[in-house]
Structure formats: structure tokens, C-alpha cells
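A short write-up of the structure that comes next.
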Amino acid sequence: MKGIGHFFNYLYHFLVDSPLLAGLALVALAITTVVALAGGPALAGWLLFVLVVGALAADLHRAVRPK
Amino acid sequence: MDWAVAVASGLASGVEFVEAFTIVLAVAVARSWRTSLQGAALAIVALVAIVAVFGVALVRFIPLDVLRTLVGVFLLLFGLKWLRKAILRQGGMLRMHDEASIFAHEVESLKKGATDWEGLVTSFNGVLLEGLEVVFIVISLATSTRLFGPAIGGAAAALAIVLIAGVALRSPLQKVPENTMKFAVGVMLTTFGTLWAGEGLGVHWWHADASALWLLAGYILVTWAAVAAVRAARSAAQPAQAHASATGGSN
């Protein structure tokens, strides 16, 4: 159990630097899936790009905001 | 597509090879080449075993669409992580990655140690961790495209270039513009991550795989605009901070 915990901990730090950015990217993928399944697979591609860019912009805005 | 996969693999792996080589070089200077190369060789044996066991299983038992989704999500998260750091570094919000200071720090900490185990384990850990990242990149690219040759070839070419450059320079690889490389890698991984995750989740890309080109162009433009925005935000914050400290207030 401890080994699995270590593995997931390593994996998390390997993939995630900013939980906000990773979370928003996953939300973007979820929205894209719903749109693609709802009958808009061509629109879903453009939407995914826009949502990923939006996620990056939101995260950078938070990173540069004066504390 | 073959060249795109080879270039993506080569650039992404190259960054990891530079980091691994810096550690191996630091151990070699502080201890001995023998200790350093022993640690590196052990790590390579471990990596080969990992690839032999998990690499084959990954390709044989997981359906391509599921694999595309998983790899796409991984690459998207990994690529965005690199892109974010590169943008913040270029915009002046984070310190640039300084290979020379990492090298000096490694040498200093190793000289304080007493046994060769420290050198061996340091070299082993550095090569294993960076090597695992290379294996991840190569397997991700190779299994998603079924283009094993270009993915492995790109990584092998990057390894050869880093080794030749390292031996020729005989100094820490501070002249490799790492942040520029990380920009390119971040943009390419984000592009492939978006493309493959979308494909796996049911997206019908405009002109199929050729969408990688407009995605790449789009992410380059976004990155360029993001660096400009971060620099502008930093410049705007500095006079405000200077004014606050001059007046002794924080309003």
C-alpha cells in the first residue's frame, strides 16, 4: 500500500506543478468529451484548444498577481 | 508525421539527457569516472528491465483509443507544466535554470561525503529518474503513433548529441539554451497531448492529424503573447512595489 502511495505521489509531482492548471485542463477535457458525445465532435476540437488556452491564461494570471 | 515524432522525441529527451549528464559529470569530477559510470550503468540496466516488463505490456494489452486518451492526458499535463515554467522564467517571474550552479552544488555536496556509495547512488538516481522520463516520452510517442523507429531514433540522436557536446565542451552544459528548449518541448507536448487526448475522447479533428500544425501554430502564438503579458505584469508591479517601499506603506 505504501509503495502504491509513493508511486502516485511521484506520478503527481511528475505531472503536476500547479494544481489549478492541471485541474482546469482536466475540466477542459471533460467538457470536450460531453460536447463530442452530444453530437459536436468537430466543434469539440476547437473548444478543447480554446479551453486549454483559457486554463493556461487563468493559471498564469494567478501566478503573476501581486500577493 | 515521422519527422514530427522524431523531433518531439529528440527535443523532449534531450532536456532530460542534459540534466542526467550534468549529474554524471558532477559525480565524475568529485569522485571518479569509474564510480559515476558504474551508477549510470546500473541505472541503464534498471531502465532496460522496466522497459522490457512494462513497455511490452503497455503496447499489447491496452486498446489504442484508451492508450491515446491516457497518453494524451499525460502529455497535455506534462507539456502544460513545462510551458508554464518556461513562460514564467522568460517573463522574469522565475529564476532561469542554471546548469553551472547545479553542477557546483553537486560537486560541493559530494566533496563533503565519505564513501563512494554516495557518488554511485547520486549518479544512479540522476540517470534513473531522468531516464524514466525519457522512457515515458519515447513510449508515449511510439505507442500512440505506432512509430517506434522515429521515437527511439529521435531520443538516440539526442543522447548522441548531448554526449558528443558534453565530451567536446568538457564543462557543464550551461551553453545549451535550456529554457528555449523547454519552450519547444512544452509547445510540442501540449500540441500532441491535445491532439491525442481529443482523438481518444471522440473529437473529429479538422483534416485529422494535420490539425497538429494549426494546434502547434496556435500554441506558439499563445506562448509568445503569454510571455509578453507576464513581462508587462511584472513591470507594472515593480514601480508599485518601489512606490510602496519608498512611502513606507503597502496601499
Side-chain angles (χ1 to χ4, degrees), chain A, chain B residues 69 72-85 87-88 91-94 129 132-133 136 186 190-191 193-195 197-208 211 214-219 221-223 225-227 229-238 240-241 244 250:
Chain A
M1 281 303 284
K2 207 175 174 184
I4 294 170
H6 278 305
F7 172 74
F8 280 108
N9 188 38
Y10 174 74
L11 192 67
Y12 177 78
H13 286 102
F14 179 57
L15 290 172
V16 178
D17 215 30
S18 158
L20 175 69
L21 179 58
L24 288 175
L26 291 176
V27 169
L29 289 167
I31 293 171
T32 303
T33 309
V34 171
V35 172
L37 289 174
L43 174 72
W46 299 98
L47 183 67
L48 178 58
F49 173 72
V50 170
L51 290 174
V52 168
V53 169
L56 185 62
D59 182 73
L60 289 171
H61 177 71
R62 186 169 172 271
V64 301
R65 191 180 55 188
K67 288 163 181 85
Chain B
T69 307
V73 172
F74 271 47
L75 284 187
L76 185 60
L77 294 179
F78 198 44
L80 282 172
K81 177 184 159 180
W82 280 27
L83 206 51
R84 176 183 188 273
K85 268 190 182 171
I87 289 168
L88 289 175
M93 296 296 291
L94 285 180
L129 286 177
L132 272 175
E133 294 193 19
F136 173 83
T190 306
T191 298
T194 307
L195 189 75
E199 248 177 30
L201 296 171
V203 170
H204 288 180
W205 289 107
W206 184 56
H207 291 301
S211 279
W214 73 256
L215 280 172
L216 185 69
Y219 282 129
L221 278 175
V222 166
T223 303
V227 170
V230 169
R231 278 188 181 149
R234 190 166 175 262
S235 314
Q238 276 174 342
Q241 279 170 358
S250 59

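Order of the sequence lines fixes the chain letters, A, B, ..., with proteins taken first and strands second; residue numbering starts at 1 for each chain. Every heavy atom of this structure was used, including side-chain atoms; hydrogens, water molecules and symmetry mates were not. All values derive from a computational prediction rather than experimental measurement.
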Legend entry - salt bridge (charged side-chain N to carboxylate O under 4.0 Å, His left out) partners of residues 38-52 of chain A, not counting sequence neighbours, each pair once: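 Sorted result for residues 38-52 of chain A: empty, none.
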Inset, instruction - Name all pairs fulfilling the salt bridge (charged side-chain N to carboxylate O under 4.0 Å, His left out) condition that reach into residues 19-29 of chain A, sequence neighbours left out, sorted by first residue then second. - result: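 Listed once each, the pairs would be none.
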Legend entry - Which of Trp205(B), Trp206(B), Tyr219(B) touches chain A most, by non-hydrogen pairs under 4.5 Å: Tyr219(B)
Legend entry - Which atom of Ser18(A) lies closest to which atom of Arg84(B), heavy atoms considered: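 Scanning both residues, the minimum pair turns out to be CB-NE, 3.5 Å.
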Inset, instruction - Could you tell me which non-hydrogen atom of Leu201(B) sits nearest to which non-hydrogen atom of Ala36(A), and how far apart they are? - result: O-CB, 3.9 Å
Inset, instruction - Ignoring hydrogens and angles, tell me if any N or O in the side chain of Ser211(B) forms a donor-acceptor pair with the backbone of His207(B) under 3.5 Å. - result: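 Here the side-chain-to-backbone pair does not exist.
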Inset, instruction - State, with a plain yes or no, whether a side-chain heavy atom of Thr190(B) is found less than 4.5 Å away from one of Leu56(A). - result: no
Output a table of donor-acceptor pairs, distance under 3.5 Å, between side-chain atoms of residues 24-33 of chain A and any protein atom two or more places apart or on a different chain; print 'none' if there are none.
unit_1	atom_1	unit_2	atom_2	d
Thr32(A)	OG1	Ala28(A)	O	2.7
Thr33(A)	OG1	Leu29(A)	O	2.7

Legend entry - Residues in residues 38-48 of chain A near chain B [non-hydrogen atoms, under 4.5 Å]: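 The stretch touches chain B at Pro41(A), Ala42(A), Ala44(A), Gly45(A), Trp46(A), Leu48(A).
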Inset, instruction - Heavy-atom distances under 4.5 Å only: say whether Leu76(B) touches chain A with side chain, backbone, both or neither. - result: side chain
